Protein chains: 2
Amino acid sequence: MRRPDARPLYVQVEAILNDRIVSGDWKSGQALPAEPELAAELGVSAGTLRRALARLEQRHLIERRQGRGTYVTQQTSEQALGQFFRVRNLAGRPVEPDTFITGVSTGPASEEEAARLRLRQGEAVHRIDRSRIFEGEPRIAERITLPAALFPGLSLPLAPAQLASEIYVHYRNAHGIIVVKSEENLSATAATEADAAVLNCPVGTPLLLIERVTFDAAGRVVELRVSRLDTRAHRYAVEIA
Amino acid sequence: MRRPDARPLYVQVEAILNDRIVSGDWKSGQALPAEPELAAELGVSAGTLRRALARLEQRHLIERRQGRGTYVTQQTSEQALGQFFRVRNLAGRPVEPDTFITGVSTGPASEEEAARLRLRQGEAVHRIDRSRIFEGEPRIAERITLPAALFPGLSLPLAPAQLASEIYVHYRNAHGIIVVKSEENLSATAATEADAAVLNCPVGTPLLLIERVTFDAAGRVVELRVSRLDTRAHRYAVEIA
DNA sequence: CTCGCATAGTCTTGTATAAGACACAAGACG
DNA sequence: CGTCTTGTGTCTTATACAAGACTATGCGAG
């Protein structure tokens, strides 16, 4: 006699709850049912449910607050910043970037983009070029590439102001895209003339090149981001445990 | 009526077990007592003990194997490599480095070293200069700085061969130093003449500069390591979750 | 008799349940 | 402005059974 699903029950429950969040059944910021209620509905014990919830919390999909309830994590720009933005100044303090959009376009994915985003070559992607400004100085030049299928309408009238970062957050919330994980490849490169112009630095200045691929809670690749960081006054901080 | 220790019981138990490992009470690779026995000895329920053990396992301090027992993690060079070594080749595959020691010395800590290692300026440190070779080519030039107080005798007759990495692992195991966490600051820099000589690259080549501080299970700073990685054929892979 | 091997026994950690005491938050009420 | 009540998540205990891993036993083949 073999079970239909060999995974532990708490993993199955985790998957069920994950689906409900991804599918928009429970929306961003919304409170989940109380634990006893939810456990009863799912037909599992409170302990098993709590174990599943603990795993979801570890993945930052939900937030639990004693006495208040359990909530689907709201993806504000501050939240995403704290979780994924690793630039620090030389004193080790987090830095608050301003954003300046320098260009937006839509077109077929290049071979490189398609491979990274797991698309077929030629599928439509949106591209956003922007610079990020720390303490008045431009320090990052980056290009964000998004699968158009996941962000319909993003190509439309887009204010060249810094709104774009907010729009981006809005799209994630509205489309059930909950960012969960990023994989990054880091290397060093020399500033090209284009980089030098954007970053206001001499040609050839060593830059930290960050190639990031981001995944959502459904396991989809949602973004490719290539950033060039001028590290003369900043560092990229990573913790390994 | 306030409790003497407001932390949850499972956290207190975790701290007790952590101490036993750090103090060498339970040695590297050794099996812990079985759960029921240990729970009885500590006067807590099996569930509470298991919760503490789960936390220790997450920190890689112990390893649990169903049917066999629970063991203090043994710090082999392979284990440390898998956990802390993030260099990949362009295909994304982990790379197996050879190591070549280029110099060993002992002396008073510089201001910079003292600050990073949390020592008083002038306290004795060991310094190991070495290069790391991937697929026949030298790709990393690095200096490791260790507090002499934690590694007594390391200054003595040291084979210039690649033994040093093994010796280093041995010292950690022998002195209750269990590496648990690293903090890294990444930036880009241009190869100096010294770098160029070691790495066999042109002067000015952009290098990935990695400044790493490593902590052990007792919360001590155990190592400062400054590495310069030639990223022409390799990447530094990081995952953010 | 000895070797090989299946298997039962027993020790280990892993999973799932249940129940009760506790702590925190928010609103109702005096 | 306190105090109470209610609803929430958190901690701790206890029990039972499942599953992995090793050991010993014993039986049969040679």
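What you see is a predicted model; the values in this text were computed from it and never measured. Reminder, nothing fancy here: chain letters follow the sequence lines and each chain counts from 1.
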Would you indicate whether the side-chain heavy atoms of [Y] and [X] approach each other to under 4.5 Å?
X      : Y      : value
A/L17  : A/W26  : yes
B/E113 : B/L119 : no
A/I21  : A/T73  : no
A/N89  : A/F134 : no

Can you pull every protein N or O that's under 3.5 Å from an N or O on nucleotides 20-22 of chain C?
none

Separation of [N] [atom2] from [X] [atom1] (nearest whole Å):
X     : N      : atom1 : atom2 : answer
B/R7  : D/dT12 : CZ    : C1'   : 17 Å
A/Y71 : C/dC24 : OH    : C1'   : 12 Å
B/R68 : D/dA19 : CZ    : C1'   : 16 Å
A/L9  : C/dA18 : CG    : P     : 11 Å
A/Q30 : D/dT8  : CD    : P     : 15 Å
A/E63 : D/dT8  : CD    : P     : 19 Å

* Heavy-atom count around B/E96 CD within 6.0 Å, excluding the residue itself: above 12? ->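 Result for CD/B/E96: open.
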Under 4.0 Å between a side-chain N or O of [X] and OP1 or OP2 of [N]?
X     : N      : answer
B/T48 : D/dT13 : yes
B/Y10 : D/dC11 : yes
B/T70 : C/dT13 : yes
A/R64 : D/dT10 : yes

* Does A/H126 have its ring centroid less than 6.0 Å away from the ring centroid of A/F151? ->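 When the ring centroids of A/H126 and A/F151 are compared, they turn out to be at least 6.0 Å apart.
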Could you work out, with side chain to side chain donor-acceptor pair (under 3.5 Å) as the rule, every residue matching [X], not counting sequence neighbours?
X     : value
A/T70 : none
B/E35 : B/R50, B/R64
A/R88 : none

* Matching residue for A/R116 among A/E184, A/E211, A/E183 - test: salt bridge (charged side-chain N to carboxylate O under 4.0 Å, His left out) ->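 Considering A/E184, A/E211, A/E183, a salt bridge (charged side-chain N to carboxylate O under 4.0 Å, His left out) with A/R116 is found only for A/E211.
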* **Short N-O contact, B/E41 and B/R20, less than 4.0 angstrom** =>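 Looking at B/R20 together with B/E41, the answer is yes, because their closest N to O distance falls below 4.0 Å.
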* Asked: Of the candidate nucleotides C/dT13, C/dA16, D/dT13, which contains the atom at the shortest distance from the side chain of B/E35?
  ->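 My answer, after comparing the listed nucleotides, is C/dT13.
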* Verdict with reasoning, A/L146 to A/V222, per side chain to side chain contact (heavy atoms under 4.5 Å, CB included) -> CA-CA 6 Å; A/L146 308 168; A/V222 248; over 6 Å; no
* Interface residues of residues 49-62 of chain B with DNA chain D (non-hydrogen, below 4.0 angstrom) ->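 Heavy-atom cutoff 4.0 Å gives B/R51.
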* Residue-level proximity of residues 39-46 of chain A to DNA chain D when a heavy atom falls under 4.0 Å ->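 Correct list: empty, so none.
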* Which comes earlier along DNA chain C counting from the 5' end, the contact point of A/G47 or that of B/G69, where each point is its nearest nucleotide? ->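 Looking at the nearest nucleotide for each, B/G69 comes out on the 5' side.
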